[in-house]
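Naming convention: chains lettered A, B, ... in sequence-line order (proteins, then strands); numbering from 1 in each chain. Please read all numbers here as calculations on a predicted model, not as lab measurements.
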2 protein chains.
Amino acid sequence: MSKSRRLTSDHPTREKILHATKELLWERGFAAMSPRDVMDRSGAGQGSLYHHFSGKHDLACAALAEMAAEEKAAMAKIFDPRKEPLARIEDYLGRERDALRGCRLARLAGEAAMADAGFRLSIADYLDEIERRLLRALDEAKASGAIATAADARALAAMILAVVEGGFVLARVHWDPGRMTRALDGAREILRDLAANGL
Amino acid sequence: MSKSRRLTSDHPTREKILHATKELLWERGFAAMSPRDVMDRSGAGQGSLYHHFSGKHDLACAALAEMAAEEKAAMAKIFDPRKEPLARIEDYLGRERDALRGCRLARLAGEAAMADAGFRLSIADYLDEIERRLLRALDEAKASGAIATAADARALAAMILAVVEGGFVLARVHWDPGRMTRALDGAREILRDLAANGL
DNA sequence: GTCTATAGAAGGATAGAC
DNA sequence: GTCTATCCTTCTATAGAC
């Protein structure tokens, strides 16, 4: 307080290390990323790395927490409550994405480290926030009569999130962004069907 | 021909190595699996491993090809053309799965090795076959009037596949099979909506 | 806080005997 | 075909000087 601390510390070396780690986690994943890679990319020495972090696992968790915070901030804009509920969902589905790179956080779902709760935490928190925002939008859309369906809104919210995350998987497996686009189109068309019923 | 060769060779050691590799790829992924792990689990020596396969990459590709063939055989049963088209899709969505283990093939989507075309091949082939079977079922369902929708069947097929693969991602990230169930429920309820329109 | 030096273990692959 | 021995590199982390 008295010394005007920030949540993200002011240590420049620590920041550089975290920045490089965030990049490498997205590019290569956890198992395929080494502390040496982080040192090389950040320019920091081994001493700095192990001074600020207890090891590779701790480093990754810290980086994931920052990544989740950044992506959650982006979601707050996309799901701006001043927008129409269906427009929020459309904007989420239509968001610009680099499909081949995969979801910045959920791309790590296949890692063996996912069995560890600490590693999972930030990723789960991020996905949960999206799902909650989708649910709120769907509830509002149903309440206002913008969509009509017998389907449970919680199931629909989970489904929409799954389409996005699954779309990333399809794009990467086929190495073709169009595979994700097609899956997202399916979700968009379904929403249009529900909206038409609501007319 | 004359010596009654099979596609899967008769060499028992080679088979044991492949069997262990298939298990390890599912459990740990590619980057987190080592040739030594394969030797330990299969009981085969290093000489055998490098006699039958040129290296870790080659070994994984061979294992993936077998896994894809096995899973495609399972899909042939689930999508039996003698069933009603919607029943095929329901059976696909409702198939028994170990959600926390992830999709046996697409779980590797996040691997850095995915950028390699050879590594990707069998996984892409497997997912593509599912998508084609889903498309055929949807086309038949639309033709027979079992479902009614303005949505493009190709987009719907991609969406349903994405829900399943995305459902695996959600389950693993939250370490909760219920997360996948909920996403699948969404897809089921949407199909029910479309079927109701078709009545 | 940061650097360099050091270190045991594991990874990935080859060599050559049998 | 299979085994054991061997090899160099990379990984992950620690020690200790500055």
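A 6.0 Å sphere centred on CZ of A:Arg154 holds no more than 12 heavy atoms belonging to other residues, nucleotides or ligands. The local environment of CD in B:Glu70 is crowded, with over 12 non-hydrogen atoms from other residues, nucleotides or ligands closer than 6.0 Å.
If you take CE of B:Met39 and P of C:dA10, they are 13 Å apart, rounded to a whole angstrom. Between A:Phe53 atom CZ and C:dG1 atom P there is a gap of 13 Å when expressed in whole angstrom units. Protein atom CZ of B:Phe30 is 12 Å distant from nucleotide atom C1' of C:dG11, rounded to whole Å. Residue B:Met33 contributes atom CE, which lies 10 Å from atom P of C:dA13 at whole-angstrom precision. The distance from atom NE2 of B:His52 to atom P of C:dA13 is 17 Å, rounded to the nearest whole Å. A straight line from NZ of B:Lys56 to P of C:dA13 spans 8 Å, rounded to a whole angstrom. A straight line from CG of A:Asp37 to P of C:dG11 spans 17 Å, rounded to a whole angstrom. When rounded to the nearest whole Å, the span between OH of A:Tyr50 and P of C:dA7 equals 17 Å.
Under the rule for a side-chain hydrogen bond (donor to acceptor under 3.5 Å, both in side chains), the partners of B:Ser34 that lie at least two apart in sequence or sit in another chain are B:Asp37.
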Quick test: give all pairs of protein nitrogen or oxygen and nucleotides 4-6 of chain C nitrogen or oxygen below 3.5 Å, distance rounded to 0.1 Å.
| from | atom 1 | to | atom 2 | distance (Å) |
| --- | --- | --- | --- | --- |
| C:dA5 | N6 | A:Gln46 | OE1 | 3.4 |

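Cluster membership for A:Phe168 and A:Ile78, using ILVMFWY side-chain heavy atoms within less than 4.5 angstrom, is shared.
Within the structure, every side-chain polar atom (N or O) of B:Thr13 is placed at least 4.0 Å from both OP1 and OP2 of D:dG1. Using a 4.0 Å cut-off, no side-chain N or O of A:Ser34 falls inside it from OP1 or OP2 of D:dT10.
The listed nucleotides are C:dT2, C:dG11, D:dT12; the one nearest the side chain of A:His51 is C:dT2. Nearest to the side chain of B:Pro35, among D:dT12, C:dG1, C:dA13, sits C:dA13. Looking at the side chain of A:His11, the nearest of the listed nucleotides C:dG1, C:dT2, D:dT12 is C:dG1.
Salt-bridge annotation for B:Arg88 and B:Glu140: present, with a side-chain N of the basic residue lying under 4.0 Å from a carboxylate O of the acidic one.
Results of the side-chain contact (heavy atoms from CB on, under 4.5 Å) test with A:Leu156 over A:Leu194, A:Leu134, A:Leu135, A:Ile89 single out A:Leu194 as the only residue that passes.
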**Item:** Audit row: B:Cys103, B:Tyr126, side chain to side chain contact (heavy atoms under 4.5 Å, CB included) steps and yes/no
**Value:** CA-CA 11 Å; B:Cys103 174; B:Tyr126 166 65; 4.2 Å; yes
